[in-house]
Protein chains: 2
Amino acid sequence: MGTGKEIMAELPSKFEVLKLGNQLCFPLYACAKEVIKIYRKPLQQIGLTYTQYIVIMVLWEYGEISEKDLGEKIYLDSGTLTPVIKKLEKSGFVKRQRLAEDERFVKINLTDDGIKLKEKAKTIPQALEGNIYLSYDEMKTLYGLLNKALEGINEGRIQ
Amino acid sequence: MGTGKEIMAELPSKFEVLKLGNQLCFPLYACAKEVIKIYRKPLQQIGLTYTQYIVIMVLWEYGEISEKDLGEKIYLDSGTLTPVIKKLEKSGFVKRQRLAEDERFVKINLTDDGIKLKEKAKTIPQALEGNIYLSYDEMKTLYGLLNKALEGINEGRIQ
DNA sequence: CATAATTAAATTGTGCACAATTTATTCTAA
DNA sequence: TTAGAATAAATTGTGCACAATTTAATTATG
């Protein structure tokens with residue numbers, strides 16, 4: 001890259017990184033939107049939106065969880081989560097209950113219907129098949145880089 | 001990867017790809033959100049939202065463009081774009097005008113203020129600095145993979 | 001103990017994002 | 001040439017996403 005000036009053994013200049021960084025944001029944004037769009041129809045057939053799906057996936061994996069812990073796992077605050085979870089409750093997939101030990105917390109559980117949904121959702125990931133033309137290795141690399149980026153962002157927030 | 005069974009020289013099984021594909025969607029979604037969140041404050045200081053920013057960036061690059069062509073470039077339909085562009089018009093950064101040759105089209109132009117904004121926006125990409133811990137090469141790889149994925153999704157849509 | 005600080009959810013208000021429909025204009029084919 | 005198809009924007013309605021504020025409960029401190 002760059003000018004070929006390697007005398008000072010510098011890292012690529014900040015300017016270059018920032019030029020690329022500027023361009024990174026848009027494909028991230030666009031790609032996320034388009035991939036979620038692919039999931040939309042199959043999810044609709046089992047009665048979920050994408051956001052509801054990731055909430056339910058966390059519950060499938062962890063079982064009972066507080067709204068706070070759930071929010072930290074999926075990067076959503078109560079302003080988004082509270083209404084989403086209430087909708088899932090209306091749909092009959094989850095129960096909400098204040099913790100007796102600390103009434104500030106709401107714990108969320110799957111109902112029987114919510115548990116049963118997992119079987120129906122098994123084919124959801126197939127939606128990507130034939131829509132994303134990346135090899136297995138490319139997907140693995142992409143997955144790894146996205147998670148590395150996320151970790152970095154998280155560290156910044158914790159500080 | 002996988003079982004080590006290479007007798008039939010198969011590609012990694014669909015099952016494996018789908019397992020990973022299932023996991024790919026969430027980091028994409030989360031990473032896009034978090035990166036956009038990093039841009040939010042600096043953009044706010046020059047009076048733009050992220051969506052308005054990508055619209056303006058297209059105008060900086062291409063100059064006059066129709067709403068339709070703009071929408072294709074940034075993957076947004078008129079339902080999203082029309083109100084966003086009208087807000088940019090209210091803010092004084094763009095002008096909207098029906099094409100005389102074909103009144104169905106709206107062409108969008110930058111105002112002087114919209115052109116001036118480019119100078120102020122120069123430092124926006126620096127927002128990522130110190131927030132994404134990826135090397136230059138990693139960013140390049142990520143950028144390439146995201147664009148490759150986007151192309152694939154696009155092909156599917158054109159068909 | 002009582003008040004202040006902290007914390008988890010909920011609420012409020014703004015701004016997308018998108019499917020579905022409508023409106024207005026242009027094109028096309030009988 | 002004119003009715004129907006096609007097209008670009010606009011509109012409508014739903015559902016996030018998030019900053020900022022509020023409410024209610026718990027913890028910490030003088």
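Remember, predicted model here, so these are calculated numbers, not experimental data. All chains are named by letter (A, B, ...) in the order of the sequence lines, taking the proteins before the strands, and each is independently numbered beginning at 1.
The distance between atom CD1 of A:I74 and atom P of D:dC18, rounded to the nearest whole Å, is 11 Å. Atom CG of B:L43 is separated from atom C1' of C:dC16 by 14 Å (rounded to the nearest Å). If you take CD1 of B:I36 and C1' of C:dA17, they are 12 Å apart, rounded to a whole angstrom. In this structure, CZ of B:R96 is placed 16 Å from P of D:dA8, rounded to the nearest angstrom. The distance between atom CD1 of B:I38 and atom P of D:dA19, rounded to the nearest whole Å, is 12 Å.
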Salt bridge (Lys or Arg N to Asp or Glu O under 4.0 Å) assessment of B:K86 paired with B:E89: CA-CA 5 Å; B:K86 282 185 176 174; B:E89 195 178 31; over 6 Å; no

Test side chain to side chain contact (heavy atoms under 4.5 Å, CB included) applied to B:L88 and B:L48, step by step: CA-CA 8 Å; B:L88 281 172; B:L48 294 178; 3.8 Å; yes

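Ring pair A:F26/B:Y75 is tilted by interplanar angle, where 30° to 60° counts as tilted. Using bins of under 30°, 30° to 60° and over 60° for the plane-to-plane angle, the ring pair B:Y39/B:Y53 lands in the tilted bin.
With the nearest nucleotide of DNA chain D identified for both B:Y29 and B:E67, B:E67 has the one nearer the 5' end. Both B:V84 and A:Q44 sit near DNA chain C, but only B:V84 has its closest nucleotide nearer the 5' end.
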With 3.5 Å as the limit, what N/O pairs link the protein to nucleotides 11-13 of chain C?
unit_1 : atom_1 : unit_2 : atom_2 : d
C:dT11 : OP2    : A:K86  : NZ     : 3.3

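When only modelled atom types and interatomic distance are considered, B:E67 and B:T82 share a side-chain donor-acceptor pair under 3.5 Å.
In terms of the side-chain contact (heavy atoms from CB on, under 4.5 Å) criterion, residue partners of B:S135 (sequence neighbours excluded) are, by chain and number, B:D137, B:E138. Residues passing the ring-ring contact (aromatic ring centres under 6.0 Å, His included) test with B:F105: none are found, sequence neighbours excluded. With sequence neighbours excluded, the residues satisfying side-chain hydrogen bond (donor to acceptor under 3.5 Å, both in side chains) with A:K68 are A:E72.
For D:dA17, the OP1/OP2 oxygens have no side-chain nitrogen or oxygen of B:K37 closer than 4.0 Å. Put simply, A:T51 has a side-chain N or O that comes within less than 4.0 Å of OP1 or OP2 on D:dA17. Between A:R40 and D:dC16 there is no side-chain N or O to OP1 or OP2 distance below 4.0 Å. Residue A:K87 places at least one side-chain N or O under 4.0 Å from the OP1 or OP2 atom of D:dC16. In this structure, B:K68 does not reach the D:dT7 phosphate: none of its side-chain N or O atoms is under 4.0 Å from OP1 or OP2. Considering only side-chain N and O atoms, B:Q52 lies under 4.0 angstrom from the phosphate OP1 or OP2 of C:dC16.
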Would you be so kind as to tabulate the donor-acceptor pairs closer than 3.5 Å made by side chains of residues 54-66 of chain A, with sequence neighbours excluded?
unit_1 : atom_1 : unit_2 : atom_2 : d
A:W60  : NE1    : A:G114 : O      : 3.0
A:E64  : OE1    : A:N109 : ND2    : 3.1
A:S66  : OG     : A:D69  : N      : 3.1
A:S66  : OG     : A:D69  : OD2    : 3.4

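Listed by residue number, the members of residues 98-109 of chain B with any heavy atom below 4.0 angstrom from DNA chain D are B:R98, B:R104, B:F105, B:V106.
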